[in-house]
Novice: 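Below you'll find the structure I mean.
Along the sequence shown, the residues carry numbers beginning at 1. Here the structure is a predicted model, which means the values were calculated and not measured.
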Amino acid sequence: MLYTILLILSYFLGSIPFGVIVGKVVRGVDIREFGSGNIGATNVYRTLGPGPGITVFAADVLKGLIPVLVARHLAPETAWLAVAAGVAAIVGHTLSPFLKFKGGKGVATSLGVGIGLAPVLAAAAFGIWVVLFAVTRYVSVASMIGCASMPVMMWIAGNPMEYRLFGIFVAAYVIIKHRSNIARLMQGKEHRFVRKTDRNPTEG
């Protein structure tokens, strides 16, 4: 029963739409009406600026990290519980009941889960993201390849099978959530990252 409660709470923690909340609190706007329409840190940063963007990124990472840390505290010898709690948080972020079961793409929350499970590998995956983003300026490309690197590194490092399966799940899930970006990349229509505002929501 305790484990079930943890998974439910992990889902609802993950489902808190910090991008929407920060947009409303900081500038009184619905971030879904600007830029890509996504609630994630990238769109918040691009639309509202670095402060709100970094705040949302940190909050979304914590949504994934906290459930894993709690699960590891409750059952330190049970890898599956930490993985299940992390997956619940990721699913909550992408299918939030507060947003009619819509949400973000789960990259930052997946990073948080990765930090809780394998911090060194998560840092390496984030490093890959940083390099690819710096070179290409495509957040989508950096996110997909960064996430895809996790199961490979987990396999090489000999992490528990539960962790490896989690890595495969995250890589597949994030790529699926980026299918519209993939289509735009193939068409040459994907936008590189730039700071922009649709109707100056940073003013006032």
Novice: May I have the step-by-step check of side-chain contact (heavy atoms from CB on, under 4.5 Å) for Ile115 and Phe126, ending in yes or no?
Specialist: CA-CA 10 Å; Ile115 293 172; Phe126 183 67; over 6 Å; no
Novice: Look at the side chain of Arg72 and the backbone N and O of Gly116, then say whether any donor-acceptor pair between them is shorter than 3.5 Å.
Specialist: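 It does hold such a pair.
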Novice: Can you give me the closest heavy-atom contact between Gly64 and Ala89, atom names plus distance?
Specialist: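 Heavy atoms of Gly64 and Ala89 come nearest at CA-CB, 4.3 Å.
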Novice: Is the backbone of Thr136 close enough, under 3.5 Å, to the side chain of Arg192 for a donor and an acceptor to pair up by distance?
Specialist: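 Judged by distance alone, yes, a pair lies under 3.5 Å.
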Novice: On a heavy-atom basis, which atom in Ala124 and which in Met153 lie closest, and how many Å separate them?
Specialist: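 What the structure gives for the nearest pair is CB-SD, 3.8 Å.
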Novice: Mind telling me whether Phe166 and Phe169 have parallel, tilted or perpendicular rings, with 30° and 60° as the class edges?
Specialist: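 Aromatic pair Phe169/Phe166 classed tilted.
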Novice: Is a side-chain N or O of Ser15 found less than 3.5 angstrom from the main chain of Gly92, in a donor-acceptor match?
Specialist: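 Checking the backbone N and O of Gly92 against the side chain of Ser15, no donor-acceptor pair under 3.5 Å is found.
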Novice: Can you list the steps and then say if Val29 with Lys24 is a side-chain contact (heavy atoms from CB on, under 4.5 Å)?
Specialist: CA-CA 5 Å; Val29 300; Lys24 293 284 189 181; over 6 Å; no
Novice: Treat each ILVMFWY residue as a node, draw an edge where side-chain heavy atoms are under 4.5 Å apart, and state whether Leu74 and Leu69 are in one component.
Specialist: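 Linked within one cluster.
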Novice: Show the nearest heavy-atom pair for residues Ile168 and Pro151, with the distance to one decimal.
Specialist: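 Scanning both residues completely, I find the closest heavy atoms to be N-CB, 3.6 Å.
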Novice: Which pair of heavy atoms, one from Gly40 and one from Val56, lies closest together, and at what distance?
Specialist: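 Minimum heavy-atom contact is C-CG1, 4.2 Å.
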Novice: Could you go step by step and tell me if Ile90 and Val174 meet the side-chain contact (heavy atoms from CB on, under 4.5 Å) rule?
Specialist: CA-CA 10 Å; Ile90 294 168; Val174 167; over 6 Å; no
Novice: Checking side-chain contact (heavy atoms from CB on, under 4.5 Å) for the pair Met1/Ile5: CA distance, chi angles, key distance, verdict?
Specialist: CA-CA 6 Å; Met1 177 63 71; Ile5 293 173; 4.1 Å; yes
Novice: Look up atom CE in Met144 and atom OH in Tyr138, then write down how far apart they are to the nearest 0.5 Å.
Specialist: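 Reported value, rounded in 0.5 Å steps: 11.0 Å.
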Novice: Atom CG of Leu7 and atom CG of Leu81: how far apart are they, to the nearest 0.5 Å?
Specialist: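 Atom-to-atom, Leu7:CG and Leu81:CG are 6.0 Å apart.
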Novice: Taking side chain to side chain contact (heavy atoms under 4.5 Å, CB included) as the criterion, tell me which of Val107, Asn43, Thr42 meets it with Val139.
Specialist: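 The side chain to side chain contact (heavy atoms under 4.5 Å, CB included) with Val139 is passed solely by Thr42 among Val107, Asn43, Thr42.
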Novice: Applying the 4.5 Å side-chain criterion to the ILVMFWY set and letting contacts propagate, would Leu165 and Val87 be lumped into a single cluster?
Specialist: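 Different hydrophobic clusters.
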Novice: A side-chain contact here means heavy atoms from C-beta on lying under 4.5 Å apart; do Val141 and Glu190 qualify?
Specialist: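 The answer is no; the side chains never approach within 4.5 Å.
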Novice: Between Val113 and Leu6, is there a shared hydrophobic cluster once you connect ILVMFWY residues whose side-chain heavy atoms come closer than 4.5 Å?
Specialist: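 As far as the 4.5 Å side-chain criterion goes, Leu6 and Val113 are not connected within one cluster.
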Novice: Would you please say whether a donor-acceptor pair under 3.5 Å links the side chains of Thr78 and Tyr3?
Specialist: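 Thr78 vs Tyr3: no donor-acceptor pair found between side chains.
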Novice: Let me see the working for Ser110 and Tyr173 under side-chain hydrogen bond (donor to acceptor under 3.5 Å, both in side chains), right down to the final yes or no.
Specialist: CA-CA 10 Å; Ser110 296; Tyr173 196 59; over 6 Å; no
Novice: Same hydrophobic cluster for Val83 and Val170, using side-chain heavy-atom links shorter than 4.5 Å among ILVMFWY?
Specialist: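 Per the 4.5 Å side-chain linkage, Val83 and Val170 are co-clustered.
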Novice: Work out which heavy atom in Gly86 is nearest to a heavy atom in Val68; give both atom names and the distance.
Specialist: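 Minimum heavy-atom contact is CA-CG2, 4.0 Å.
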Novice: Any side-chain heavy atom of Leu13 within less than 4.5 Å of one from Leu9?
Specialist: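 The answer is no; the side chains never approach within 4.5 Å.
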Novice: Assign the ring pair Phe193 / Tyr45 to parallel, tilted or perpendicular, where the plane angle (0 to 90°) is split at 30° and 60°.
Specialist: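 Tilted.
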Novice: What distance separates Ile8 CD1 from Tyr11 OH, expressed to the nearest 0.5 Å?
Specialist: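 Answer for the CD1-OH pair, Ile8 versus Tyr11, is 11.0 Å.
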Novice: Provide the closest heavy-atom pair for Phe12 versus Pro97 in the form atom of the first, atom of the second, distance.
Specialist: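 Looks like CE2-CG, 3.9 Å.
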Novice: At what distance, to the nearest 0.5 angstrom, does CD1 of Ile128 lie from CD1 of Ile145?
Specialist: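 Reported to 0.5 Å precision, the distance equals 9.0 Å.
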Novice: Is it true that a side-chain atom of Thr47 and a backbone atom of Val44 form a donor plus acceptor pair closer than 3.5 Å?
Specialist: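 Not a single qualifying donor-acceptor pair exists.
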Novice: Would you kindly confirm whether Leu111 and Tyr163 end up in one hydrophobic cluster when ILVMFWY residues are joined by side chain heavy atoms under 4.5 Å apart?
Specialist: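 Hydrophobic grouping puts Leu111 apart from Tyr163.
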Novice: Okay, side chain of Lys63, backbone of Gly14: is any donor-acceptor separation there less than 3.5 Å?
Specialist: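 Yes, because the side chain of Lys63 sits within donor-acceptor range (under 3.5 Å) of the backbone of Gly14.
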Novice: Find the distance between CD1 (Ile175) and CG (Asn181) and round it off to the nearest 0.5 Å.
Specialist: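 These two atoms lie 11.5 Å from each other.
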Novice: Once you round to the nearest 0.5 Å, how far does CG of Asn159 lie from CG of Leu121?
Specialist: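 With rounding to 0.5 Å, CG (Asn159) is 5.5 Å from CG (Leu121).
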Novice: Taking Gly106's backbone N and O only, do any of them form a donor-acceptor pair with Thr109's side chain (distance below 3.5 Å, no angle check)?
Specialist: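 No; zero donor-acceptor contacts below 3.5 Å.
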